[in-house]
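Read through the structure below, which is laid out as structure tokens, and then see the notes.
A note on names: the letters A, B, ... follow the listed sequences, proteins ahead of strands, and every chain is numbered from 1.
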Number of protein chains: 2
Amino acid sequence: MERFGEYIRKLRVEKGLNQTQLAAKIGLDSGGLSKIETGKKDLKEDKISLLAEVFEVSIEEIKTQYFSEKFAKDCFKYKCPETVFQLAEQKVKYIKNINTKQAQIKF
Amino acid sequence: MERFGEYIRKLRVEKGLNQTQLAAKIGLDSGGLSKIETGKKDLKEDKISLLAEVFEVSIEEIKTQYFSEKFAKDCFKYKCPETVFQLAEQKVKYIKNINTKQAQIKF
DNA sequence: ATATACTTGGTTATTTTTGACAAATTTAAA
DNA sequence: TTTAAATTTGTCAAAAATAACCAAGTATAT
């Protein structure tokens, strides 16, 4: 199992970049990137697409890593039952469903 | 499938409270509670235990409803793959595991 | 019509995140 | 070791996101 920061660091090193170089590409300084790689700070969502470009991986892949980390941290922090993820998945389906129906009604 | 706001409203009505009454018990005004019930605003985490008391349900139950809603909303909003929840669940286990090991080392 | 409950919008306050900078630490090389 | 490069860490101000507050609006029921 790999944390988000480790994942980013792995890709960065694979690309032969140091923190200062990658940081510049995504609008951060090296200190900020360091904190992200070591899990001391969270990346802002709007950096996700930049990372996908730089690393040449899909946005979906980055999002999966990014949000799974976010959800897991919250779940751990607030000691919430792990069954929460089952329900969350159902809810997303429900929301999407509702949403497409409403979109249809508009015409 | 039930959204968090609907869940709260259902419990509130079951207890025979109006919004003003429940809002007072958890440190909100009626407008704020209305927004929560209709999904226009999110409840702050620190209200969870108060709700559990008032409604006489377990904190785990409320947390499950609360965080599944939160995660699902984020997932929908950012269009992230639903597989994110699988990974999130694994990560929580991993984090917990790491954490207990580190706790042990301290002595 | 009046009263009660609920919704909504706008404004301010508060809290949380973020980004920038600088100092300190680590790592590697000469 | 000394030097240089890379990374980590702490602090602080700016920015963004949240929440509280209040008033006006709508709906519902008596």
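- For residues 12-26 of chain A, proximity to DNA chain C is found at no residue, defined as any non-hydrogen atom under 4.0 angstrom from a strand atom.
- Along DNA chain D, the nucleotide nearest B/D29 and the nucleotide nearest A/R9 are compared for position; the residue whose nucleotide lies closer to the 5' end is A/R9.
- The side chain to side chain donor-acceptor pair (under 3.5 Å) test applied to B/K40 returns no partner, not counting sequence neighbours.
- The stretch residues 44-51 of chain B does not touch DNA chain C, since none of its heavy atoms comes less than 4.0 Å from the strand.
- Here B/V13 pairs with B/R9 under the side chain to side chain contact (heavy atoms under 4.5 Å, CB included) rule; sequence neighbours left out.
- Checked against side chain to side chain contact (heavy atoms under 4.5 Å, CB included), A/E14 has the following partners two or more places apart in sequence or in another chain: A/K10, A/L11.
- The salt bridge (charged side-chain N to carboxylate O under 4.0 Å, His left out) search around A/K93 returns A/E89, B/E82, not counting sequence neighbours.
- Rounded to whole Å, the distance from CG on A/L43 to C1' on C/dG19 is 13 Å.
- Residue pairs meeting the ring-ring contact (aromatic ring centres under 6.0 Å, His included) criterion with at least one member in residues 2-54 of chain B, sequence neighbours excluded: B/F4-B/Y66.
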Inset, instruction - Encode nucleotides 24-30 of chain C as B, S and - characters from 5' to 3', where the letter depends on protein heavy atoms closer than 4.0 Å: B to the base, S only to sugar-phosphate, - to neither. - result: -------

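- The CG atom of A/L51 sits 8.0 Å away from the CD1 atom of A/I36 when rounded to the nearest 0.5 Å.
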Inset, instruction - Treat primed atoms plus P, OP1 and OP2 as sugar-phosphate and everything else as base, then score nucleotides 8-14 of chain C 5' to 3': B for base contact with protein heavy atoms under 4.0 Å, S for sugar-phosphate contact only, - for none. - result: BBB----

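- Non-hydrogen atoms lying under 4.0 Å from DNA chain D are contributed by nothing in residues 61-77 of chain A.
- Evaluation of the side chain to side chain donor-acceptor pair (under 3.5 Å) test over residues 22-36 of chain B, restricted to residues two or more places apart or in two chains, returns none.
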Nucleotide N/O to protein N/O under 3.5 Å, stretch nucleotides 24-28 of chain D:
none

